[in-house]
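Only one structure is covered here, and it is reproduced in the block below.
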Amino acid sequence: MRARRALAATLLLGTLAGCGIEPTEVIEFGQPATGVRPSGQPAWQTRLFFAVVTGVTSVSRPADGPVTAEDAVRLMLQGPNEAERARGIYSEIGMRSGVRVTTAPGRVDITLPTDVTRITRIARTQLVCTAAHNQVPGGLPWNRVKVTLTGGGKRLDALECDRA
């Protein structure tokens, strides 16, 4: 019985070790792959910014294609979805209508139906970062897009997102 076990173990080790593939050195060639999405990930996403107890957080949602700043702000104004609310995410922006968003190269102008100097810092960050992190004409990076908030006879000009 012991002889059979020893023979079986020897054959098993021989089979595993003798697969015919010999070790090789690392062969470096070019830059590592970038831009490849893991299987199952949507090709396009929109970034929306919402409030959490500690400040502001971003969420990504799948999209059918590039999402403009205008569309992203409209989507953010609808508030967090059920799964996001379950994670403690909420919005400090109470309005869902009466908001107008226009874009120009490197700029987003958001007109609100209220005095913009009276909205909270978190609400401002939600608006500015949601607009800047989505498609804005001019191709500037999100942290160089200038956002203007106008409403109630007041104007906050050249705001920039400070959240990656």
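This structure is a prediction, so every number in the text was calculated from the model and none was measured.
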TODO: Kindly give the heavy-atom pair with the smallest separation between Val67 and Ala63, and that separation in Å.
DONE: CG2-CB, 3.5 Å

- [ ] Could you grab the distance from atom CG of Asn143 to atom CD of Glu160, nearest 0.5 Å is fine?
- [x] 7.0 Å

Open item on the list: Return the CD1 to CG distance between Ile122 and Leu127, rounded to the nearest 0.5 Å.
Closed with: 12.5 Å

TODO: State, without any angle test, whether Thr68 and Gln135 hold a side-chain donor-acceptor pair at a distance under 3.5 Å.
DONE: no

- [ ] Considering non-hydrogen atoms only, spot the tightest contact between Val99 and Pro113 and give its length.
- [x] CG2-CD, 4.1 Å

Task: Main-chain N/O of Lys146 paired to Arg107 side chain as donor or acceptor, under 3.5 Å - done: no

Task: Distance in Å, Arg74 CZ paired with Thr130 OG1, rounded so as to fall on 0.5 Å steps - done: 13.0 Å

- [ ] For side chain to side chain contact (heavy atoms under 4.5 Å, CB included), just list the numbers for Asp109 and Val101, CA-CA rounded to whole Å, side-chain angles, deciding distance to a tenth of an Å, and then say yes or no.
- [x] CA-CA 6 Å; Asp109 296 312; Val101 181; over 6 Å; no

TODO: Determine, step by step, whether Phe50 and Met76 satisfy the side chain to side chain contact (heavy atoms under 4.5 Å, CB included) criterion, reporting the C-alpha distance in whole Å, the side-chain angles of both residues, the deciding distance to 0.1 Å, and the verdict.
DONE: CA-CA 8 Å; Phe50 291 110; Met76 185 267 304; 3.9 Å; yes

- [ ] Measure the spacing between CZ of Arg124 and CD1 of Ile119 and express it to the nearest 0.5 Å.
- [x] 6.0 Å

Task: Hydrophobic cluster identity match, Val73 and Leu140, side-chain contacts under 4.5 Å - done: yes

Open item on the list: side chain to side chain contact (heavy atoms under 4.5 Å, CB included) for Thr103 and Glu70? Distances and angles first, verdict last.
Closed with: CA-CA 8 Å; Thr103 59; Glu70 297 99 319; 3.3 Å; yes

Open item on the list: Does Asp157, at its CG atom, have more than 12 non-hydrogen atoms belonging to other residues, nucleotides or ligands within less than 6.0 Å?
Closed with: yes

Open item on the list: Using modelled atom types and a 3.5 Å cut-off, is there a donor and acceptor pairing between side-chain atoms of Arg61 and backbone atoms of Thr46?
Closed with: no

Open item on the list: Same cluster or not: Val59 versus Val52, using hydrophobic residues (I, L, V, M, F, W, Y) connected whenever any side-chain heavy atoms lie under 4.5 Å apart?
Closed with: yes

Task: The single option from Thr150, Thr148, Thr102, Val147 passing side-chain contact (heavy atoms from CB on, under 4.5 Å) against Ile110 - done: Val147

- [ ] Group every Ile, Leu, Val, Met, Phe, Trp and Tyr by side-chain heavy-atom contacts under 4.5 Å, then state whether Leu77 and Val56 land in the same group.
- [x] no

TODO: May I have the step-by-step check of side chain to side chain contact (heavy atoms under 4.5 Å, CB included) for Leu75 and Leu48, ending in yes or no?
DONE: CA-CA 8 Å; Leu75 190 58; Leu48 308 175; 3.9 Å; yes

TODO: Identify the heavy atoms of Asp162 and Trp142 that sit nearest to each other, and give their distance.
DONE: C-CZ3, 4.3 Å

Task: Between Arg47 and Ser60, a side-chain donor and acceptor under 3.5 Å - done: no

Task: 4.5 Å side-chain heavy-atom contact, Pro66 and Trp44 - done: yes

Open item on the list: Distance alone, cut at 3.5 Å: any donor-acceptor contact between the side chains of Gln126 and Ser91?
Closed with: yes

Open item on the list: I need the Arg121 CZ to Thr125 OG1 distance, nearest 0.5 Å.
Closed with: 5.5 Å

Task: Within 6.0 Å of CZ in Arg118, more than 12 heavy atoms from elsewhere - done: no

Task: Ser58 side chain to Arg163 side chain, donor-acceptor N/O pair below 3.5 angstrom - done: no

Open item on the list: Please report the interatomic distance CD1(Ile93) to CD(Gln78), rounded to the nearest 0.5 Å.
Closed with: 12.5 Å

Open item on the list: Test of understanding: clusters of I, L, V, M, F, W, Y form through side-chain heavy atoms closer than 4.5 Å, transitively. Do Val136 and Leu156 belong to the same one?
Closed with: yes

- [ ] Mind listing the closest non-hydrogen atom pair of Val116 and Leu149 along with its distance?
- [x] CG2-O, 3.7 Å

TODO: Give the minimum heavy-atom separation between Val145 and Ala132, together with the two atoms involved.
DONE: CB-CB, 4.0 Å

- [ ] Grab the two heavy atoms, one from Ala69 and one from Val108, that are nearest each other, plus how far apart they are.
- [x] CB-CG2, 4.0 Å

